[in-house]
Chemist: 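Can you keep this structure in mind? I'll have questions shortly.
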Amino acid sequence: MTTTLVLASASPARREVLRSAGIDPVVRISDVDEDAVAAALPADTTPQTVVVELARAKAVAVAAVVPEYAADCVVVGCDSMLLVDGVLQGKPHTPEVARARWAEMAGRSADLITGHCVLRLIDGEIVAESVDCSSTTVHFAKPEPDELDAYIATGEPLQVAGAFTLDGLGGWFVDRIEGDPSSVIGIGLPLLRRLLGDVGVAVAQLWRHTDR
């Protein structure tokens, strides 16, 4: 029986990481209100738990609406946030917020934390779950004012965690990273492989087939 990987994310970057690694995921976007999920957590919730709970919420929401793949599938949810001075930062959404974020992190280091949730479904029922997060230290450059203006004007940093990308235009302003590059892009392959193993799926089961 072929196992299908369902990616509970609208992120093209996550999809491309999987495709480059030999998996053609089925993409289903959750309608989870991320702000509401985060707000419902206790005030003393750790940053790591916040991103894991957001990833779980997305995976659970999508698992409920993919019966056509439920004979044997795994649903993968992810959420990334940048931890700067102990404060989690998600998507800035506006140029003003993006500019403020870059004023805080330019020339400094911060931790990009990505929560992962893997749900195994057999015949429409969730039979196993594994969750964890990865953390990668990102060392940011100091963009010149005109460079930052141009970057923000592209719109790219407005819809990504921490107001930067590693695999896009934002990569020009990252000096180096310590950790897993795929996790910074949004889905960590080493961690995902382990979580898949936890729910009984070998990664080779998911590699590309000609009938997909």
Side-chain angles (χ1 to χ4, degrees), residues 5 7-23 25 34 37-38 41 45-59 74 76-93 97-98 100-118 130-143 147-148 151-152 156-198 203:
L5 187 147
L7 179 62
S9 175
S11 167
R14 290 187 179 121
R15 183 172 65 248
E16 288 309 310
V17 168
L18 291 173
R19 285 179 173 168
S20 295
I23 296 173
E34 297 178 30
V37 172
L41 297 172
T45 302
T46 66
Q48 292 78 12
T49 300
V50 171
V51 294
V52 165
E53 289 305 313
L54 287 167
R56 177 188 278 117
K58 295 174 184 179
V74 287
V76 177
C78 300
D79 191 84
S80 298
M81 299 184 82
L82 190 68
L83 187 64
V84 181
D85 294 332
V87 178
L88 282 174
Q89 298 182 348
K91 301 170 184 176
H93 297 299
V97 174
R101 298 273 175 85
W102 270 97
E104 290 184 63
M105 64 195 194
R108 301 180 60 200
S109 302
D111 295 323
L112 195 287
I113 304 174
T114 299
H116 297 65
C117 175
V118 175
S130 189
V131 299
D132 204 348
C133 66
S134 57
S135 179
T136 301
T137 301
V138 182
H139 299 270
F140 293 100
K142 286 186 175 181
E147 291 177 321
L148 185 57
Y151 182 43
I152 292 173
E156 180 187 272
L158 308 188
Q159 300 300 325
V160 289
F164 82 101
T165 61
L166 183 64
D167 58 326
L169 298 174
W172 291 102
F173 310 120
V174 175
D175 282 340
R176 68 186 190 280
I177 67 168
E178 298 173 38
D180 170 28
S182 62
S183 179
V184 179
I185 296 172
I187 183 166
L189 294 180
L191 177 55
L192 179 58
R193 177 175 171 271
R194 177 169 66 78
L195 298 182
L196 287 167
D198 289 346
V203 68

Chemist: Work out which heavy atom in Ala141 is nearest to a heavy atom in Trp102; give both atom names and the distance.
Modeler: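 The pair with the smallest heavy-atom distance is O-CZ3, 4.1 Å.
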Chemist: Any side-chain to backbone donor/acceptor pair from Arg15 onto Ser9? Under 3.5 Å, distance only.
Modeler: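 Not confirmed, Arg15 side chain does not pair with Ser9 backbone.
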Chemist: Decide yes or no for Ile187 and Leu7: does some side-chain heavy atom of the first lie under 4.5 Å from some side-chain heavy atom of the second?
Modeler: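 Answer yes - side chains close enough.
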Chemist: Looking at CD of Gln89 and CG of Leu112, how far apart are the two atoms once the value is rounded to the nearest 0.5 Å?
Modeler: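 Going from the CD atom of Gln89 to the CG atom of Leu112 covers 11.0 Å.
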Chemist: How would you list all residue pairs meeting side chain to side chain donor-acceptor pair (under 3.5 Å) that involve residues 161-177, not counting sequence neighbours?
Modeler: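 Counting only pairs at least two positions apart or across chains, the side chain to side chain donor-acceptor pair (under 3.5 Å) contacts touching residues 161-177 are Glu156-Thr165.
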Chemist: Check whether the ring centres of Phe173 and Phe164 lie less than 6.0 Å apart, and answer yes or no.
Modeler: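 Phe173 vs Phe164: aromatic centres not under 6.0 Å.
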Chemist: Provide the closest heavy-atom pair for Val76 versus Cys78 in the form atom of the first, atom of the second, distance.
Modeler: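 Nearest heavy atoms, Val76 then Cys78: CG1-SG, 4.0 Å.
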Chemist: Assess the residue pair Ser134 and His116 against the criterion (side-chain contact (heavy atoms from CB on, under 4.5 Å)); give the C-alpha distance rounded to whole Å, side-chain angles, the decisive distance to 0.1 Å, and a yes or no.
Modeler: CA-CA 8 Å; Ser134 57; His116 297 65; 3.7 Å; yes
Chemist: Please assess Val50 against Leu88 for the test side-chain contact (heavy atoms from CB on, under 4.5 Å), listing each intermediate value before the final yes or no.
Modeler: CA-CA 9 Å; Val50 171; Leu88 282 174; 3.8 Å; yes
Chemist: Please report the interatomic distance CG(Asp79) to OG(Ser11), rounded to the nearest 0.5 Å.
Modeler: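 Between Asp79 CG and Ser11 OG, I get 11.0 Å after rounding to 0.5 Å.
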Chemist: What I want to find out is whether Glu16 reaches Arg19 closely enough, with some N-O distance under 4.0 Å, to be called a salt bridge.
Modeler: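 Salt bridge between Glu16 and Arg19, a charged N being under 4.0 Å from a carboxylate O: yes.
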Chemist: Listed by chain and number, what are the salt bridge (charged side-chain N to carboxylate O under 4.0 Å, His left out) partners of Asp132, not counting sequence neighbours?
Modeler: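 Partners of Asp132 under the salt bridge (charged side-chain N to carboxylate O under 4.0 Å, His left out) test: Arg194.
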Chemist: What salt bridge (charged side-chain N to carboxylate O under 4.0 Å, His left out) pairs are there with at least one residue in residues 47-56, not counting sequence neighbours?
Modeler: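 The answer is Glu53-Arg56, Arg56-Glu129.
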Chemist: Can you name the side-chain contact (heavy atoms from CB on, under 4.5 Å) partners of Thr46, sequence neighbours left out?
Modeler: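 With neighbours one apart ignored, the set is Gln48, Thr49.
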Chemist: What heavy-atom pair brings Pro92 and Ala98 nearest, and what distance separates the two atoms?
Modeler: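 So the two residues come closest at CB-N, 3.6 Å.
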Chemist: Could you walk me through whether Asp180 and Leu191 pass the side-chain contact (heavy atoms from CB on, under 4.5 Å) check?
Modeler: CA-CA 9 Å; Asp180 170 28; Leu191 177 55; over 6 Å; no
Chemist: Could you tell me which residues satisfy salt bridge (charged side-chain N to carboxylate O under 4.0 Å, His left out) with Glu178, sequence neighbours excluded, listed by chain and number?
Modeler: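 Not a single residue meets the salt bridge (charged side-chain N to carboxylate O under 4.0 Å, His left out) criterion with Glu178.
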Chemist: Side-chain donor-acceptor contacts of residues 80-87 below 3.5 Å, not counting sequence neighbours, with atom names and distances?
Modeler:
residue : atom : partner : partner atom : Å
Ser80   : OG   : Arg14   : NH2          : 3.4
Ser80   : OG   : Thr114  : OG1          : 2.8
Asp85   : OD1  : Arg108  : NH2          : 2.6
Asp85   : OD2  : Arg108  : NH1          : 3.2
Asp85   : OD2  : Arg108  : NH2          : 3.4

Chemist: Compare all side-chain heavy atoms of Tyr151 with those of Pro143 and state whether any distance is below 4.5 angstrom.
Modeler: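 With C-beta onward as the side chain, the pair stays apart.
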Chemist: To the nearest 0.5 Å, what is the distance between CG (Leu54) and SG (Cys133)?
Modeler: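 That separation rounds to 12.0 Å.
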Chemist: Closest approach of Ala163 and Arg101, non-hydrogen atoms and distance?
Modeler: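 Scanning both residues, the minimum pair turns out to be CB-CB, 4.3 Å.
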Chemist: Heavy atoms only: give me the nearest Pro181-Leu166 pair and the separation to one decimal.
Modeler: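 Taking Pro181 first and Leu166 second, the nearest heavy atoms are O-CD2, 3.9 Å.
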Chemist: Looking at every heavy atom in both Gly77 and Ala55, which two are closest together, and how far apart are they?
Modeler: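 Closest approach of Gly77 to Ala55, heavy atoms only: O-CB, 3.5 Å.
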Chemist: For the backbone of Ile113 and the side chain of Asp111, can you confirm whether one donor and one acceptor N or O come within less than 3.5 Å of each other?
Modeler: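 Here the side-chain-to-backbone pair does not exist.
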Chemist: Report the C-alpha separation of Leu18 and Leu192 in whole Å, then their side-chain angles, then the decisive distance to 0.1 Å, and conclude whether the side-chain contact (heavy atoms from CB on, under 4.5 Å) test is met.
Modeler: CA-CA 10 Å; Leu18 291 173; Leu192 179 58; 3.9 Å; yes
